[in-house]
Structures are given as structure tokens and as C-alpha cells.
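Data block below; observations after.
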Amino acid sequence: MTGEYRHSLDSKGRVFIPSKMRDEAGDTLYVTISMEKCLSVYSQSSWDALCAKVNAMPYIRQKKMRPLFAFASKCEADAQGRILIPSNLRAFANIEKNVTIIGCNNHIELWNADYWDEVSSEEITPDNIAKVMEELEF
């Protein structure tokens, strides 16, 4: 998935998922915590692939994945394309009103818009882009 979109939470804690992303991801989404101060949103097939990888791990390594599953929430998009973000997940990512939604290859990320602006300004530099391209052997 690709792209960057800006939306706001409504009074019930719902956020609109852009139609281009919903077309790729479907209407059933799994929202959970991330390694960064944002939320990761997976399609059913991406979530299933993640679960399969975890299931293939030895139990001692699976235990490290507990927070990912403990905070996960299965969300169904409503007729307007919105999903409800549970309050504990909104608190984790400090999402109160303005949300930046970004495509991140096989998943979507939901960011507090102000925090995303800080993160992206550090990531979107010629030097950093050059390093990424080098890692990809371009």
C-alpha cells in the first residue's frame, strides 16, 4: 500500500480509511501497536501471514509477540469507510484528532499528524533517501 492521507477522528473515535487503501486491504482490518509511536493496520491476508510467522516460532519467541496480539483489534469498515480505533490504541499512538494515514508496503500506519510531520521531516532528506536506495541496491 502506498500514499499519505490526512483525516480527523470523529467524536466516536472513528477514522476514514481512504478508498484506494480499502480497495487493496478490504473491509476487515486488524489494528495494533507498532514498534514506533503509531498504529499498524493489516488486511486479513497480511494479518494471517503475520500469524503464520508467529505460529512457526518457538514458544519462547512467540511470548515476545504478546503485546502485538493483546492490543490488536479486529475492525470492520462501515458504509462510509470508517473504522473505530479503540481508546487504548489511540492513547498508545497519542492520536486525539488529526491523523496521518500512510501506506507502508504490506500494511497501513496511523500516526498522530504532528508527530508524523516530525518523523517524516527526518526521513525525507536526500541523504536518507540515498541510503535507502543503496540498501535496495539501486
Side-chain angles (χ1 to χ4, degrees):
M1 284 171 253
T2 60
E4 175 182 303
Y5 305 87
R6 299 208 177 225
H7 290 284
S8 297
L9 285 180
D10 68 11
S11 61
K12 296 180 181 178
R14 297 174 298 191
V15 67
F16 176 77
I17 302 298
S19 61
K20 288 182 180 184
M21 290 181 165
R22 282 194 329 273
D23 289 346
E24 285 186 61
D27 288 329
T28 300
L29 302 171
Y30 291 82
V31 182
T32 191
I33 58 176
S34 175
M35 293 181 291
E36 298 180 83
K37 203 71 171 160
C38 69
L39 302 176
S40 293
V41 182
Y42 296 92
S43 66
Q44 182 70 60
S45 61
S46 290
W47 185 255
D48 291 344
L50 176 73
C51 290
K53 285 182 180 181
V54 172
N55 287 337
M57 293 176 175
Y59 180 72
I60 196 77
R61 290 185 61 208
Q62 285 184 29
K63 287 180 15 175
K64 294 178 182 178
M65 302 302 288
R66 282 182 184 155
L68 182 77
F69 292 100
F71 280 83
S73 179
K74 183 177 180 180
C75 300
E76 301 284 340
D78 66 13
Q80 288 76 39
R82 300 170 300 190
I83 60 171
L84 175 65
I85 308 298
S87 60
N88 63 332
L89 291 172
R90 292 192 314 259
F92 172 84
N94 196 30
I95 294 174
E96 296 173 352
K97 186 66 178 165
N98 296 320
V99 183
T100 300
I101 303 162
I102 64 167
C104 199
N105 189 25
N106 69 339
H107 67 285
I108 299 166
E109 292 180 346
L110 305 178
W111 290 82
N112 168 300
D114 292 333
Y115 189 59
W116 170 250
D117 290 342
E118 291 175 27
V119 169
S120 66
S121 69
E122 293 172 10
E123 292 181 348
I124 304 173
T125 65
D127 186 50
N128 192 49
I129 298 299
K131 288 176 185 175
V132 169
M133 298 303 274
E134 185 178 325
E135 284 181 37
L136 294 172
E137 298 179 357
F138 276 99

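Nothing fancy with the numbering, it's 1 onward along the sequence.
- Closest approach of Ile95 and Leu110 over heavy atoms only: CD1-O, 3.8 Å.
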Step-by-step side-chain contact (heavy atoms from CB on, under 4.5 Å) determination, Thr100 to Glu4: CA-CA 7 Å; Thr100 300; Glu4 175 182 303; 3.7 Å; yes

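- For the residue pair Ser8 and Asn98, the shortest heavy atom distance occurs at OG-OD1, 3.1 Å.
- Within the 4.5 Å cutoff, the side chain of Glu123 has heavy atoms near those of the Trp116 side chain.
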Val99 vs Leu9, side-chain contact (heavy atoms from CB on, under 4.5 Å): CA-CA, chis, key distance, verdict: CA-CA 7 Å; Val99 183; Leu9 285 180; 4.0 Å; yes

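- Under the side-chain hydrogen bond (donor to acceptor under 3.5 Å, both in side chains) criterion, Trp47 pairs with no residue at all, not counting sequence neighbours.
- We find the CG-OH distance between Asp48 and Tyr42 to be 13.0 Å, quoted to the nearest 0.5 Å.
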Derivation and outcome, side-chain contact (heavy atoms from CB on, under 4.5 Å), residues Phe69 and Val54: CA-CA 10 Å; Phe69 292 100; Val54 172; 4.0 Å; yes

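- In this structure, Ile101 and Phe16 have side chains that are not in contact, with every pair of non-hydrogen atoms separated by 4.5 Å or more.
- The two atoms that bring Met21 and Gly3 nearest to each other are CE-O, 4.0 Å, heavy atoms only.
- The neighbour count for Tyr115 OH, taken as heavy atoms of other residues, nucleotides or ligands under 6.0 Å away, does not exceed 12.
- Note that CZ of Arg61 and NZ of Lys53 are 11.5 Å apart. Values are rounded to the nearest 0.5 Å.
- Pairs passing the side-chain hydrogen bond (donor to acceptor under 3.5 Å, both in side chains) check and including a residue from residues 13-26, sequence neighbours excluded, read Asp10-Arg14.
- A pairwise comparison of heavy atoms in His7 and Pro18 identifies NE2-CG, 4.1 Å as the closest pair.
- Taking each heavy atom of Ile33 and Leu39 in turn, the nearest pair found is CA-CD2, 4.3 Å.
- Taken to the nearest 0.5 Å, the CG atom of Leu68 stands 10.0 Å off from the CE atom of Met35.
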Result block: side-chain N/O donor-acceptor pairs under 3.5 angstrom for residues 75-87, not counting sequence neighbours:
| from | atom 1 | to | atom 2 | distance (Å) |
| --- | --- | --- | --- | --- |
| Glu76 | OE1 | Thr28 | OG1 | 3.0 |
| Glu76 | OE2 | Thr28 | OG1 | 3.2 |
| Asp78 | OD1 | Gln80 | N | 2.9 |
| Asp78 | OD1 | Gly81 | N | 3.0 |
| Asp78 | OD1 | Arg82 | N | 2.9 |
| Asp78 | OD2 | Arg82 | NE | 2.8 |
| Asp78 | OD2 | Arg82 | NH2 | 2.9 |
| Gln80 | OE1 | Arg82 | NH2 | 2.9 |

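- At a threshold of 4.5 Å between non-hydrogen side-chain atoms, the residues Lys63 and Ile60 count as touching.
- The two residues Ser120 and Asp117 have their closest heavy-atom pair at OG-O, 3.3 Å.
- Put simply, the side chain of Ser43 never gets that close to the backbone of Gly26: no donor and acceptor are under 3.5 Å apart.
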